[in-house]
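These figures come from a predicted structure and were not determined experimentally. Reminder, nothing fancy here: chain letters follow the sequence lines and each chain counts from 1.
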Amino acid sequence: MIARRKMILNTARIGASTCVSAAAMSLLWHNTTRHPSSHTLLTEPAIIRPPGAQGEADFLSACIHCQRCTDACPRGTIQLASLGDPAPYGTPFIIPTERGCDLCLECTDACPTEALAPLEDKRDVDMGLAVVDDRLCVSANGTGICGACHTACPLKNDAITQGSHNKPIIHEDHCVGCGLCEEACIIDGTKAIRVFSKRGVA
Amino acid sequence: MKPSIQWLRHLIQALVLAFVFLAAAVGWYGSNLDRGNVDRVLESNSAPIATPVLRAIDNTARPQDSPLAVLQRNDIAHERLKNVTGNSWSGKWFGVSLTDPLAGVESTISQKSLTLALLTGLAIPVGFTLLFGRVFCSWICPAGFIFEIVAMLRNVAGRFGIDLKNMRIWRGHKYVLLTTGLVASALVAIPLLQYIYPPAIITREAHHLVHSSLNNAAGITENSQGIAGYSGVVTSGGSITSGGSGDSGQNGTQPAWGLSAWAIFLLALVGIEYLFSTRAWCRYVCPGGALYSLIGWRRPIRVVRSAPRCTHCADCVPACPMGLNPMADQMGAECDNCAECISHCPDDALHLRFTLKTHAPVAPQKTTLKTTEALSV
């Protein structure tokens with residue numbers, strides 16, 4: 001009788017505990033994941049992840065929020081998302097307008113879970129694609145001659161070539177989305193050349 | 001009372017907690033060296049804590065008074081700093097890669113594959129736990145250290161006659177939470193337990209706190225600006241604003257505090273433990289502690305009671321931080337080998353021994369013990 005009562009008690013405990021923790025987990029999942037909203041503009045760049053990140057879902061399933069990539073980054077490019085940042089809390093992301101990536105690949109060495117997969121060559125990086133806004137670019141809209149993005153590009157003459165008046169021409173096959181061009185762009189505010197993530201909207 | 005081993009334990013805990021903050025500062029140092037931000041903080045003596053800490057890091061990392069050019073000296077510093085990245089959750093400490101088993105298990109389950117990098121990081125912590133049991137909880141965990149301080153404060157309050165409640169609930173909750181968390185992580189393919197695991201919260205909050213205060217010391221405002229602006233909010237003046245919710249024009253000039261809501265979660269735990277239930281998180285809820293308990297269940301190095309010497313004085317019972325009863329040989333999986341009971345035993349009846357004999361994971365059997373305090377598991 002006592003054993004039976006104990007069994008019932010234990011079952012009740014496990015049941016209650018499971019319900020509470022399952023509720024907590026679903027709350028966590030709901031509140032920490034970025035759900036795409038219907039009124040997100042298509043012109044909005046998705047989150048740029050550090051080099052070596054695969055698709056956004058694969059990246060999020062592996063990342064343990066350990067900050068080793070941010071610590072390893074010698075340029076201070078990789079930031080850790082806090083509340084209010086565009087990326088889910090605790091994950092690393094890059095804002096090329098502030099700091100582009102110089103493709104040293106230290107972060108892929110540092111990552112303990114291969115959320116940033118190890119890469120041999122900086123040409124294998126695929127963080128995004130630079131897009132030029134001809135209305136803003138001084139070399140394109142005829143208000144000046146610049147060429148800062150071409151100068152900054154680590155894969156120059158492959159990823160960026162120059163047209164007339166140093167107008168940048170992006171080559172999709174070679175651009176890895178490092179964002180050094182965006183950082184170097186002389187336009188204030190919204191840059192004339194911006195990196196857009198190709199890895200799918202998170 | 002043999003306090004020496006306890007002082008050693010608390011010293012290690014304090015060093016780990018300090019190292020978590022120091023590691024965040026080292027990370028900031030490495031990321032801001034080439035941009036001149038480090039030199040900016042070192043030259044200005046405006047920051048009371050940041051400047052001396054960064055100077056100490058600088059003295060060890062960068063060759064001082066060397067004929068090399070600044071950039072060459074920076075390269076040497078970067079080379080040296082490669083051996084210290086991350087923190088107690090996952091990090092490279094002096095060249096050795098270490099990852100918390102909970103992080104490893106969660107990440108493996110949610111990405112449904114085990115990576116080589118993770119295996120090498122897990123080898124040492126798992127090996128240690130197999131040998132010594134849940135020693136991470138008692139000797140290393142920075143959150144456990146904070147909770148232990150809270151427990152000490154409770155004892156101090158008790159000495160002043162303040163009677164604080166000590167609720168005891170079922171210990172199995174943590175195993176259920178671990179199971180549910182891992183199943184949920186597999187289902188949604190995102191490691192979820194890392195959000196609520198206090199040592200991981202501490203490492204993240206330390207990172208945000210240290211980075212934001214060092215950024216403030218260096219006069220960097222870009223970190224707090226432009227982030228919301230990047231997602232489409234651009235003012236008419238063309239400059240990117242610090243937030244999308246109407247606080248335009250500030251451009252991040254106000255110092256960022258850096259802590260997030262998870263710090264409040266941690267503070268709430270501290271409050272609950274102080275007021276209602278001592279060491280409640282570690283005893284009843286912690287999924288990481290549950291995992292360490294399971295891994296270290298059959299550890300060969302454990303606390304062993306010598307029955308002939310034991311006088312049943314029950315001094316060890318209130319001393320146990322995990323709420324176990326060493327007098328009834330409750331040194332199963334839950335025991336974290338902190339050796340508090342050994343330090344409190346006046347009869348020299350408790351010892352750390354190498355033995356292959358194991359106890360039941362939790363032994364709630366009734367004993368002839370008079371102290372009812374210790375019995376409610």
Side-chain angles (χ1 to χ4, degrees), chain A residues 10 13-14 17-18 20-22 24-26 28-29 32-33 40-41 43-45 57-58 60-86 88-90 95 97-99 106 109-115 117-118 187-190, chain B residues 23-24 26-27 30-35 78 82 85-87 89-92 97 99 103 106-107 110-112 115 117-118 121 170 172-173 176-177 180-181 184 188-192 194-196 200 203-204 207-208 211 222-223 226-228 230-232 234 237-240 243 258 260-261:
Chain A
N10 275 337
R13 274 167 166 173
I14 293 172
S17 192
T18 310
V20 171
S21 46
M25 286 302 125
S26 59
L28 262 180
W29 174 62
T32 53
T33 316
T40 305
L41 291 175
T43 51
E44 179 183 320
D58 287 344
L60 285 179
S61 74
C63 177
I64 55 166
H65 307 184
C66 70
Q67 309 139 40
R68 278 168 78 163
C69 53
T70 56
D71 283 358
C73 180
R75 257 192 132 233
T77 303
I78 305 175
Q79 303 185 21
L80 192 72
S82 187
L83 298 183
D85 284 342
Y89 173 75
I95 296 181
T97 302
E98 293 177 359
R99 278 165 233 188
E106 291 289 344
D109 283 345
C111 181
T113 63
E114 294 182 16
I187 307 297
D188 283 338
T190 305
Chain B
V26 170
S31 301
N32 287 273
L33 198 56
D34 292 348
R35 302 210 142 213
H78 283 307
K82 269 186 195 171
T85 55
N87 43 56
W89 175 231
S90 173
K92 201 181 207 181
S97 186
T99 301
E106 261 199 308
S107 179
S110 69
Q111 61 178 320
K112 286 152 199 99
T115 57
L118 206 50
W170 183 48
H173 287 307
V176 178
L177 179 59
T180 323
V188 303
I190 294 172
L192 287 173
Q194 60 184 357
Y195 285 109
I196 55 163
T203 61
R204 284 195 297 269
H207 177 99
H208 289 311
H211 275 242
E222 62 188 350
N223 247 352
I227 293 168
Y230 200 67
S231 52
V234 179
S239 65
I240 300 173
S260 77

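- In this structure, B:Thr99 and A:Pro112 approach most closely via the heavy-atom pair OG1-CB, 3.8 Å.
- Contacts of B:Lys92 with chain A are made by both backbone and side-chain atoms, with heavy-atom separations under 4.5 Å.
- Listed for the B:Ser31 side chain is a donor-acceptor partner under 3.5 Å among the backbone atoms of A:Thr70.
- Residue B:His208 comes nearest to A:Ser82 through the heavy atom pair CE1-CB, 3.6 Å, listed as atom of the first residue, atom of the second, then distance.
- Note that CG of B:Leu192 and CH2 of A:Trp29 are 9.5 Å apart. Values are rounded to the nearest 0.5 Å.
- Taking CD of B:Gln111 as the start and CG of A:Leu60 as the end, the distance is 11.5 Å to the nearest 0.5 Å.
- Proximity to chain B is limited to the backbone of A:Cys63, based on heavy atoms less than 4.5 angstrom apart.
- Contact between B:Ala117 and A:Cys111 at its shortest, heavy atoms only, is CB-O, 4.1 Å.
- For the pair B:Glu106/A:Thr113, no side-chain contact is recorded, criterion being any heavy-atom separation below 4.5 Å from C-beta on.
- For the atom pair CG (B:Leu118) and CD1 (A:Ile64), the distance works out to 7.0 Å, reported to the nearest 0.5 Å.
- For chain A, the option among B:Val188, B:Thr203, B:Leu33 with the highest count of heavy-atom pairs below 4.5 Å is B:Val188.
- Note that NE2 of B:His78 and CD of A:Glu106 are 9.0 Å apart. Values are rounded to the nearest 0.5 Å.
- In this structure the side chain of B:Trp89 never reaches within 4.5 angstrom of the side chain of A:Gln67, judged on heavy atoms.
- The minimum heavy-atom distance between A:Arg68 and B:Gly86, with the atom names listed, is CG-CA, 3.5 Å.
- The minimum heavy-atom distance between B:Arg204 and A:Gly90, with the atom names listed, is CD-CA, 4.2 Å.
- Most heavy-atom pairs under 4.5 Å with chain A: of the set B:Gly172, B:Gly27, B:Gly91, this distinction falls to B:Gly91.
- When the candidates B:Ala24, B:Ser97, B:Ser90, B:Ala184 are compared by the number of heavy-atom contacts under 4.5 Å with chain A, B:Ser90 comes out ahead.
- Interface remark: of the candidates B:Gly121, B:Ala200, B:Ala103, B:Ala103 forms the most heavy-atom pairs closer than 4.5 Å to chain A.
- Chosen from A:Cys69, A:Ser26, A:Ala110, A:Ala62, the residue pairing most often with chain B at heavy-atom distances under 4.5 Å is A:Ala62.
- Here SG of A:Cys66 is found 9.5 Å from CD of B:Gln194. Values are rounded to the nearest 0.5 Å.
- With a 4.5 angstrom heavy-atom cutoff, A:Ala81 touches chain B only via backbone atoms.
- With contacts defined as side-chain heavy-atom distances shorter than 4.5 Å, the pair A:Met25/B:Ile196 qualifies.
- The line from CG of A:Leu80 to NE2 of B:His211 is 8.0 Å long, rounded to the nearest 0.5 Å.
- Pairs of residues two or more places apart, or lying in two chains, that qualify as salt bridge (Lys or Arg N to Asp or Glu O under 4.0 Å) and include a residue from residues 69-84 of chain A are A:Arg75-A:Glu183.
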